[in-house]
Amino acid sequence: MAAPLTLVLIVAVTIRAALFRSSLAELISERVEVVSPLNAWKRVVEGLALLDLGVSPYSGDVFHETPLIIYLFHFLIDYAEIVYMIADCITAVALYLAIQHYNKNVFRKQKYALEADRYPHDCLELMRSPKEMYYIPLQVAMFYLWNPFTILSCVAKSTCGLNNAVIALFILCTIKGSALLSAIFLALATYQSIYPLTLFAPALIFLLQRLYIPVNLRRPSFWLFTSQYAFMYFGSLAVIVCLSFFLLSSWDFIPSVYGFILSVPDLTPNIGLFWYFFAEMFEHFRLFFICVFQINVFFYSIPLSIKLKDHPVFLMFMQIAIISIFKSYPTVGDIALYMAFLPVWNHLYRFLRNIFLVCCVLLACSALFPVLWHLWIYAGSANSNFYYAITLLFNVAQILLVSDYFYAYLRREHHLSHGLYLKRKDGGEATLVLK
Amino acid sequence: MGLLSDPNRRRALTNLLTRLNTPICVVCYLAGLAWFMGLAFEPFTLRTYMSENAMGSTMVEERFPAGERALATGREFAAHKRKVGGMPVDWLVKTMQARGLEVYTQRFSRTLPFPDENKERYIVHGTNVYGILRAPRAPRTEALVLTAPCTEGNNNHQAVGLLLGLAQYFRNQVYWAKDIIFLVNEHDLIGMQAWLEGYHHTNITGMDWTPLQGRGGSIQAALSLELSSDVITSLDLVLEGLNGQLPNLDLANLFYAFCQKIDILCTIQGKLQRSDWDTPSGYTHAAQTMMLMVMKQASGRPWGDHGLFLRYHIEAATIKGINSFRQYKTDATTIGRLLEGMFRKLNNLLERLHQSYFFYLMPSLSHFVSIGYYMPAFGLLAVILLLRVSSFNTFSLEAHALDLWVQLGTPPPGTEDGVGGMEQSSSPSVLSILTPVVISHMTGAALFTLPIRSQEMAVEHFPVSETEAVVLTAIAIYTAGLALPHNTHKFLAGEGTEKGWRVLKLVALLYLAVLLGCTALINFSLGFILALTLVPVAAFITPHVPKAFSATVMVLLSPGFTLLYCVFVYQELQESPVSLAEGWILFLSVISQGILDHSLYGSLVYPLLALFIYPCWLLFWNILFWK
């Protein structure tokens with residue numbers, strides 16, 4: 001399998017290299033869909049310039065990346081394009097390895113369950129065969145590397161690609177079962193953009209499962225491991241934050257990175273839901289609604305963790321998707337990360353109901369974004385409502401997509417425990433209704 | 001959400017949609033057409049009204065007295081122009097300086113990609129002369145522009161004269177809060193383009209021009225004046241700009257309001273408005289006016305010098321004086337007063353014109369249709385595409401799922417949403433779909449690049465002029481594209497399965513829907529006209545329909561023929577019908593103008609047609625000949 005993966009990587013790198021050299025690169029790096037105030041390359045360069053001048057890069061409200069990033073590029077500024085291409089490749093390879101490992105586990109579990117005769121007999125067609133699972137890791141790598149969203153994000157040199165790489169490494173370490181590395185990468189991801197905090201729950205559940213510790217609040221072993229993992233996580237987070245402090249010897253970055261993410265002062269249009277609301281809102285409601293919007297991102301982790309406590313990897317996918325939909329400065333690069341997971345759930349395909357509709361809407365929206373932007377900003381004939389309407393539609397489609405997968409996953413699990421052909425009490429064919 | 005999650009209701013809906021698909025499509029098409037035609041009916045339109053506060057409530061008094069002197073200046077200008085044999089730059093500079101303006105010139109040159117036979121120009125050198133009247137009352141951060149093109153031949157002297165007269169008069173007034181720039185541009189649009197690019201420090205089209213030495217503030221509005229006789233009977237307002245962009249409706253309202261006030265006959269599309277909207281002839285008149293606007297907007301070319309301003313976010317319109325055989329004549333003083341009034345109102349603006357509509361169609365100067373009213377006409381056509389996507393193949397498959405997608409992936413006979421025998425369906429290889437898509441797009445790219453690239457070669461080998469060479473190459477490539485299905489087949493080597501064309505059609509339908517949707521948003525008229533001809537083709541083409549007949553229909557509804565019809569319809573609407581041969585000549589010149597518009601001003605219609613619409617149509621052509 002190494003050869004196809006290499007081929008995928010080579011093609012992906014070629015496309016990116018060609019685009020970096022073309023005149024499109026500049027155009028792409030200006031698109032609001034691709035870069036946000038947080039991760040725009042222009043701002044990183046500005047921060048570097050300030051740093052070189054001996055001024056704090058956070059003075060002047062332009063730069064909002066973390067100190068580690070600025071020091072990374074302090075040394076690698078000349079190789080930025082290569083760094084971004086490597087970051088994408090790392091993400092793809094990490095996801096590839098992670099999914100390979102995960103699929104092995106899934107198959108092994110299925111085999112045990114079959115041998116123990118735990119599935120109803122009519123569920124045989126729901127079983128997964130090694131044949132169909134064989135290409136999934138490769139598809140995941142392909143979905144990530146060849147996704148136009150990823151390519152755009154990489155060509156725009158949005159630091160989102162680096163964040164994705166960290167998250168992918170975190171997933172790999174978690175699935176491979178290394179608690180320490182997983183905690184470190186999770187801390188790094190959190191340090192980069194706060195929101196991956198919600199991935200703590202799925203990672204913990206996964207690691208607990210792996211050690212055969214049941215998620216039971218009365219067991220001391222559960223609490224022991226949880227505190228261990230939390231200690232590793234918060235410890236490494238503290239180390240990273242302190243390291244940043246020593247790099248710049250000031251705490252400027254805390255308000256300017258995390259304050260910026262949480263309080264959303266920059267209302268440049270993007271594909272998220274925040275900008276329009278807060279541009280329209282009266283100032284004295286702002287704090288309240290900021291709290292509501294931000295809690296919204298974190299809130300779903302509680303019900304989802306309870307519902308999906310046996311399926312941590314799917315939970316992880318859900319969390320990443322929710323983050324990328326509801327975060328304050330989303331870009332297409334964030335969407336690409338969760339879209340890379342879609343091939344993993346190929347077996348849910350038969351239970352998906354609106355996938356086609358959703359795909360069409362996502363596709364149409366992606367085409368309409370630049371058109372409406374042109375009408376609003378260049379032609380001056382449309383206004384922000386046009387653009388926001390498309391943003392809204394785009395997000396509704398994403399939410400539908402995610403909830404469709406959620407429903408399909410639950411439904412398959414239901415069938416696996418209750419049999420595929422459900423009978424009503426009167427003997428007729430039953431249908432499952434989601435209400 | 002019940003509709004999306006409840007399988008029973010879904011099934012009911014999809015059953016309905018698949019069973020009645022064809023009738024629904026036909027009804028939608030007719031409804032879309034009827035809706036569009038209904039837009040010209042006066043009770044369905046809105047009266048225009050001034051939205052901008054700064055221009056609405058304040059009264060201005062127009063006192064411009066010097067019409068005769070302006071005409072005399074115009075005659076002097078004509079004499080100097082004849083003497084110099086072009087733009088009398090020195091004279092203009094001196095005259096403007098004498099009127100107290102800051103005068104600057106800008107030289108520009110441009111080589112056209114091929115000779116323009118309509119205007120007989122190839123290598124263009126010219127000079128723009130402009131004078132700035134500095135605002136006495138405010139910091140010089142904003143400006144207004146009055147332009148008069150200095151055209152070849154014996155036209156437009158009166159406009160230049162009036163411009164100079166107004167400059168002299170304006171110079172003596174104290175109330176100007178915005179700089180006023182008086183511009184006389186040579187070689188109409190090319191000069192305008194050079195001046196605008198120079199003013200805004202951009203270079204979009206690769207033209208050579210000398211940088212501007214003087215600037216006013218950011219331009220808020222511009223008026224372009226075209227007059228060809230000393231007295232006129234009516235003034236015509238031209239709004240359509242580059243890529244079908246229109247200025248804010250308030251500009252049209254302003255013009256209309258002043259025409260009413262000063263009592264000048266005003267027209268749009270050269271058509272007076274009539275009050276008898278409830279008679280058939282009254283309705284026809286309104287429909288003609290609107291259709292003319294649609295045709296002009298769809299062409300995507302600037303219909304006056306104002307057209308290029310719109311790209312820079314500047315509201316602009318052209319005012320054209322028309323002298324016909326009416327009794328009632330208007331003299332230059334009155335036109336001067338009209339312009340003075342309009343400029344004084346524009347001078348009162350506190351912010352850019354933005355209150356009123358940007359998307360509108362006008363069946364008469366006093367009525368308009370806004371985007372909310374005309375979009376449904378397009379929406380009804382576009383929904384056909386989506387309906388066909390959802391179930392165009394009901395004849396052959398039991399369709400229970402809403403989507404063709406589901407049918408393609410898992411055809412579940414008889415069972416409800418997904419729970420059913422998973423049939424092993426050999427999905428058509430990506431290659432068999434990708435090949436036609438790539439080949440059609442390469443044909444499109446050839447159609448876009450080759451005509452200009454290969455003109456020299458064509459001129460060497462055939463007895464044609466460069467312009468003819470370009471146009472004929474374009475037509476040849478267009479026709480050669482029709483031979484493609486047979487070529488594609490050799491590549492595929494018998495891979496054309498039943499499922500293959502379904503997927504291809506699905507892709508093509510979605511592609512067309514997105515394409516037309518985007519086009520209609522930017523340029524409604526173009527989107528609508530293309531939808532009118534392409535949607536029936538897209539909806540009903542399968543490999544199983546009778547070949548010869550459908551092929552003829554398809555060719556007759558192809559984008560090229562649409563253009564040909566548009567030429568005839570336009571002439572018909574202008575009330576100057578042409579014979580077939582004349583129409584053909586006109587068609588050829590329209591093609592060359594389209595290509596020129598793209599390379600000179602960056603009009604998007606030609607690239608859109610060549611790179612996207614035509615390849616998309618070729619995909620349907622491919623489906624028809626799918627084996």
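Each chain gets a letter, A, B and so on, in the order the sequences are listed, and its residues count up from 1.
Using a 4.5 Å cut-off between heavy atoms, L348(A) makes no contact with chain B at all. Contact annotation for L246(B): neither backbone nor side-chain heavy atoms come within less than 4.5 Å of a heavy atom of chain A. Interface residue A382(A): backbone and side-chain heavy atoms are both found under 4.5 Å from chain B. With a 4.5 angstrom heavy-atom cutoff, L372(A) touches chain B only via side-chain atoms.
Counting all heavy atoms, side chain and backbone alike, F359(B) lies closest to S381(A) at CE1-O, 3.4 Å. Shown here for L521(B) and L368(A), the closest heavy-atom pair between the two residues is CD1-CD2, 3.5 Å. For C518(B) against A367(A), the heavy-atom pair with the smallest separation is SG-O, 4.0 Å.
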Item to complete: Would you please test V514(B) and L363(A) for side-chain contact (heavy atoms from CB on, under 4.5 Å) and show each step?
Response: CA-CA 8 Å; V514(B) 170; L363(A) 220 73; 5.5 Å; no
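With sequence neighbours left out, F317(A) forms a ring pair (Phe, Tyr, Trp, His ring centres under 6.0 Å) with F314(A), W345(A). For A538(B), the side chain to side chain contact (heavy atoms under 4.5 Å, CB included) partners two or more places apart in sequence, or in a different chain, are L385(B), L509(B), L512(B), F620(B).
In this structure, the separation between CG on L375(A) and CD on Q245(B) is 8.0 Å, given to the nearest 0.5 Å. Note that OH of Y378(A) and CZ of R311(B) are 12.5 Å apart. Values are rounded to the nearest 0.5 Å.
The number of heavy-atom neighbours closer than 6.0 Å to OH of Y312(B), taken from other residues, nucleotides and ligands shown, is above 12. For E351(B), the CD atom is densely surrounded, since the number of other residues' heavy atoms within 6.0 Å is greater than 12.
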